[in-house]
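So that the names make sense, note that chain A is the first sequence line, chain B the second, and so on, each numbered from 1. The structure displayed is predicted, hence computed values, not measured ones.
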Amino acid sequence: MAAALFYALSLICIVSSLIMIFHKNTMYSVLFLLVTFFSVAGLYVTLNAQFLAIVHIIVYAGAIMVLFLYVIMFLNMSHIINFQKSKAIKIAATATGLMFLLVIIAALSSATYNGNVTAGHEIGLASTLGHIIFNEFLIPFEVSSILFLSAMVGVVIFNKKDLIDE
Amino acid sequence: MELIIFKVGLIVTLFLLSLLIAAYSTYAERKVAAFMQDRIGPNRAGPMGILQPLADGLKMFMKEEIIPQEANRYLFILGPAISMATALMTSAVIPWGPDLNLFGQTVSLQVADINIGILYVMGVVSLGIYGIMIGGWASNNKYSLLGSIRASTQMISYELAMGMSIVAVIMTTGSLSIGHMVSSQAGSTGMAWNVFYQPLGFIIFLICAFAETNRTPFDLPECETELVGGYHTEYSSMKLGFYLFSEYVNMFISSAIIASLYFGGYNFPFMNIVQENTGEIMFAIICAVVFLIKILFFIFFFMWVRWTIPRFRFDQLMNLGWKILLPLSILNMLITGFFILYNN
């Protein structure tokens, strides 16, 4: 049952992410990215990580993708775009992609397989996560929050550039 | 097996109840409006116009269905479907009464007592916006597009303050489960309601609930004086009906969330005396009825505000959300944290 669910969710995830990349209409790309997020959230639930699943949906599906849609609607990017690239760029892109594939294969071939790992029952619950973040990883967590804050301040400053010059 | 039948029964009951209350909310809204404007209101279908929602529903089904030629067909149909589905999904985590002992085990009067209940509600509510955005965009109409853009900005702005005011409640309860939040408000006499401990948080949450359900004074996405009909300008027949109906279902669910987060859910004063003198099933029914009365009061409150306060302007809406409600909700959270530390 769990295995069937895993394969079904993975299939949906992979297929919808491929459609997301190859669809010419940006609106559909966003909607298929949403489907991908939902299947990933489903995978979290099968690992007993309900908290992560719902946070994933709230943050990505509920907030970030709404902003994506917002921008697409505003800029009217919905019409189909045909990219015309020169041959040199196409060749360079193919070479880069193949090189990246090589790196991944090299990394995977040196990895060792340790058999099945069973996830603990409490691994993704809010309380477990809170204990880990605020005891073991308190300093990295706080540092990353300062990083986010500085990014936000940076965006505001970029937007107010005209005001600073005056 | 019995548990599954019980839960399926609960789901069907909740589904029918949501639709029934939403249908009669449309009737109640027109009656309340009529009362406030010194009119009679609908009085033709049945005694006191009591069959008006049925007549309206029938009318919606019989109307011609129009899909604009330049509209995106699939997304045009998907929009109202998402709106309705997300509106109906939220009621799964709301507790309707105390735990029961049935079939030799403890059964909670709640479809799913998941330990992240309140986050589930936030997640589903934040998905509801897709129905409006997709429908408005797919209509291929500038008024619809403006309406759905307004809806998305409004939702994102008010979700933050709403989440912050919920955080304060989570801090006092120490749990993300709505069932736990409600049962912790029982106190000794059933009056330890969060509204007495979180008055500021309650007001912020209430204002945000108006914005999240797109109700006046925050109904800018469908502002008829500027945008014809907002995001549902191009819709007709039952698809329009779904949009209008999902708003009333959302109102019902928001009222239920307000009642269970701040007004003790199914708890009522002197409930311990009632519990001693009645049977278990009877007590659960009384609790559910009390909860329903609280919900109906808040639905009335939504209508009361609609016919009292005029609509905000869009920049006023943004200012209120970002410059007043968000700082206030953070302040509320800090004060709550301070009191928790001080009491320890």
More than 12 non-hydrogen atoms from neighbouring residues, nucleotides or ligands closer than 6.0 Å to [atom1] on [X], yes or no?
X	atom1	value
A/Ile21	CD1	yes
B/Tyr143	OH	no
A/Tyr28	OH	yes
A/Tyr60	OH	no
B/Phe314	CZ	yes

Where do A/Phe38 and B/Leu127 land on the side-chain contact (heavy atoms from CB on, under 4.5 Å) test, with the steps shown first? CA-CA 11 Å; A/Phe38 275 99; B/Leu127 293 179; 3.3 Å; yes
Of all pairs that satisfy salt bridge (charged side-chain N to carboxylate O under 4.0 Å, His left out), the ones with a partner from residues 123-134 of chain B, not counting sequence neighbours: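 Sorted pair list comes back empty.
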Which atom of B/Ser126 lies closest to which atom of A/Gly62, heavy atoms considered: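 So the minimum-distance heavy-atom pair works out to OG-CA, 3.5 Å.
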Options B/Ile156, B/Ile149, B/Leu78, ranked by heavy-atom pairs under 4.5 Å with chain A, top entry: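 Most pairs with chain A among the choices: B/Ile149.
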Heavy-atom pairs under 4.5 Å with chain A, option from B/Val125, B/Ile129, B/Thr153 with the top count: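 Counting heavy-atom pairs under 4.5 Å, the top option is B/Thr153.
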To the nearest 0.5 Å, tell me how far [X] [atom1] sits from [Y] [atom2].
X	Y	atom1	atom2	result
A/Ile54	B/Ile116	CD1	CD1	5.0 Å
B/Met133	A/Met65	CE	CE	10.5 Å
B/Tyr120	A/Ile58	OH	CD1	11.5 Å

Residue pair [X] / [Y], side-chain heavy-atom distance below 4.5 Å:
X	Y	answer
A/Leu31	B/Ile134	yes
A/Phe51	B/Leu176	yes
A/Val66	B/Met155	no
B/Tyr130	A/Val30	no

Please classify the contact of B/Ser148 with chain A as side chain, backbone, both or neither, using a heavy-atom distance under 4.5 Å.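 Answer is side chain: those atoms of B/Ser148 sit under 4.5 Å from chain A.
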Using the side-chain hydrogen bond (donor to acceptor under 3.5 Å, both in side chains) criterion, which residues pair with A/Ser17? Sequence neighbours excluded.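 Once residues adjacent in sequence are excluded, A/Ser17 has no partner under the side-chain hydrogen bond (donor to acceptor under 3.5 Å, both in side chains) criterion.
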Taking only residues two or more places apart in sequence or in another chain, which ones pass side chain to side chain contact (heavy atoms under 4.5 Å, CB included) with A/Ile19?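 Result, side chain to side chain contact (heavy atoms under 4.5 Å, CB included) vs A/Ile19: A/Val15, A/His23, A/Phe32.
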For chain A, which residues from residues 325-334 of chain B have at least one heavy atom closer than 4.5 Å to it?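 Near chain A, by residue number: none.
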Under a 3.5 Å distance rule, please check whether A/Tyr70 uses its side chain to pair with a backbone N or O of B/Arg150 as donor and acceptor.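 No; zero donor-acceptor contacts below 3.5 Å.
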Does any heavy atom of chain B fall under 4.5 Å from the side chain of A/Ala63, the backbone, both, or neither of them?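 Backbone of A/Ala63 only, per the 4.5 Å heavy-atom cut-off to chain B.
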